[in-house]
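Some notes on the structure that comes next.
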2 protein chains.
Amino acid sequence: MTAERLVLAAAELADEVGFENVTVSALARRFGIRDASFYSHIRNAQELREQVSRLALTELADQAANALAGRSGRDALVAFANAYRDYARRHPGRYAAGQLPVSPATADAARRHSELTRAILRGYELPEAEHVHAVRLLHSTFHGYVSLERAGGFDHSGDVAASWRRVLDVLDATLAHWPAP
Amino acid sequence: MTAERLVLAAAELADEVGFENVTVSALARRFGIRDASFYSHIRNAQELREQVSRLALTELADQAANALAGRSGRDALVAFANAYRDYARRHPGRYAAGQLPVSPATADAARRHSELTRAILRGYELPEAEHVHAVRLLHSTFHGYVSLERAGGFDHSGDVAASWRRVLDVLDATLAHWPAP
DNA sequence: ACCCTATCCTAGAGCCTCTAGGCAATGGGT
DNA sequence: ACCCATTGCCTAGAGGCTCTAGGATAGGGT
């Protein structure tokens, strides 16, 4: 019974019942032990949730890195974005966890995401000074899309997958013809 | 003591202590009555939160509509986006409430947001078939940006306001030179 | 006067968080 | 072999949030 296994179980629980329902009680129930017993392993419920957040961000970065491997330009953009969206769809609870306010514990994982996104830009020709803005644009759009999709914000007006492909087309064109400041 | 005043108080509470801390108990405390007394006014805590969500989406749509009035093209885009971001910064708790999964009660407010976003497109020349994709791109980017900013995701790498302006520049250029499918 | 409804109350059950303190097994050092 | 510290779990219990059931009260309409 390591803290690691515990966090993994919490992540699985999150995907099953939603991150907001990840409680110490529910986890204890799943392990067949008393609530109080958990507090030897974990400081408190808050910390448990942060660890799940950190796990999610790390997994997501791993998969994004994988998607990027050996690709560049448009291929890299699409593969990265799809890794992002696929992860959110496969692991909704984990993904939601990743949206917790950035804590010291998750700051390094968050930095990795920025660096990976920045790697995409190497396939386009943007001035160095524009990189930070482009990274934020991509991050925002990917995250915004998957969270609105997940919340049902796109439910009543046409094919969500088609829009996603089109949005990636448009972002590719935008990076390829990045307007001068 | 109408349901409306109650929801308004809940929204204020959300902005002060965070949406996740809006509880029936906290609200009752603020009104100086017992928890149980609230259940004559409100079905349950879930409904209270949904009403706050609906209030937030409606207020946000009102302000976005105001920002759009009399503007078109790039002006409209920037004013709309700023209305969005300003609202999120001024009313963090309400904004967070607006991200609840779309319920039947909030579906009409959500539709209004789509229509307002669509109004921006009238200042650009996009084929009708592209509108749904462009609306989703804009929504995603605005929402993604303000929520990542709020969560602290942009904390460690430069001026967030400058990036915001630049992102809007880029979106303007993207809408102006929308790539063919 | 009488009733009715709105508003609030107490009591209490159920779930979640977390602290304090205890007990038993395990396994390493002597 | 023996001791003892650590580990992992336990019970007990306090306190907060949610919600139901049922009761008091007071003002307004008939």
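Chain naming here is simple, since letters A, B, ... match the order of the sequence lines and numbering starts at 1 in each. Every heavy atom of this structure was used, including side-chain atoms; hydrogens, water molecules and symmetry mates were not.
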From [atom1] of [X] over to [atom2] of [N], roughly how many Å is that when rounded to an integer?
X: B:L6; N: C:dA6; atom1: CG; atom2: C1'; value: 14 Å
X: A:F38; N: C:dC16; atom1: CZ; atom2: C1'; value: 14 Å
X: A:E47; N: C:dC18; atom1: CD; atom2: P; value: 10 Å
X: B:Q46; N: D:dT18; atom1: CD; atom2: P; value: 11 Å
X: A:R43; N: C:dT17; atom1: CZ; atom2: P; value: 17 Å
X: A:Y39; N: D:dT7; atom1: OH; atom2: P; value: 21 Å

May I ask you to decide whether [X] forms a salt bridge with [Y], counting only side-chain N to carboxylate O separations under 4.0 Å?
X: B:R85; Y: B:E149; value: yes
X: B:E16; Y: B:R30; value: yes
X: B:D15; Y: B:R90; value: no
X: A:D169; Y: A:R74; value: yes

Open item on the list: With rounding to the nearest 0.5 angstrom, report the CD to CG distance, A:Q63 to A:L116.
Closed with: 12.0 Å

Open item on the list: Could you tell me if A:T106 and A:S53 have a donor-acceptor pair between their side chains, going purely by distance under 3.5 Å?
Closed with: no

Open item on the list: For B:W164 and B:D159, which I'm curious about, is there any donor-acceptor pair between the side chains at under 3.5 Å?
Closed with: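 On atom types as modelled, these side chains do not qualify, holding no pair under 3.5 Å.
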
If you look only at distance, which donor and acceptor atoms sit under 3.5 Å apart when one is on a side chain in residues 170-179 of chain A and the other is two or more places apart or in another chain?
residue	atom	partner	partner atom	Å
A:D172	OD1	A:Y124	OH	2.6
A:T174	OG1	A:V170	O	2.8
A:T174	OG1	B:T174	OG1	2.7
A:H177	ND1	A:A173	O	3.2
A:W178	NE1	A:E130	OE1	2.7

Open item on the list: According to salt bridge (Lys or Arg N to Asp or Glu O under 4.0 Å), does anything in residues 104-114 of chain B pair up with another residue at least two apart or in another chain? List the pairs.
Closed with: B:D62-B:R112

- [ ] Check whether any side-chain heavy atom of A:Y84 lies under 4.5 Å from a side-chain heavy atom of A:H113, and answer yes or no.
- [x] yes

Task: Side chain proximity check, B:E59 to B:L55, heavy atoms < 4.5 angstrom - done: yes

Task: Verdict with reasoning, A:Q46 to A:E50, per side-chain hydrogen bond (donor to acceptor under 3.5 Å, both in side chains) - done: CA-CA 6 Å; A:Q46 173 68 16; A:E50 275 177 23; 3.0 Å; yes

TODO: Mind listing the closest non-hydrogen atom pair of A:V7 and A:Q51 along with its distance?
DONE: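 Smallest heavy-atom distance, with atoms named: CG2-CB, 3.5 Å.
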
Sub-3.5 Å pairs of nitrogen or oxygen atoms, protein against nucleotides 22-28 of chain D:
none

Distances under 3.5 Å only, N/O to N/O: pair up the protein atoms with those of nucleotides 10-12 of chain D.
residue	atom	partner	partner atom	Å
D:dC10	OP2	A:R34	N	2.8
D:dC10	OP2	A:S37	OG	2.6
D:dT11	OP2	A:R34	NE	3.0

Between the protein and nucleotides 22-25 of chain C, which nitrogen or oxygen pairs come in under 3.5 angstrom?
none

Open item on the list: Can you list, in residue-number order, the parts of residues 11-30 of chain B that come under 4.0 Å of DNA chain D, counting heavy atoms only?
Closed with: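 Only B:T23, B:V24, B:S25, B:R29 qualify.
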
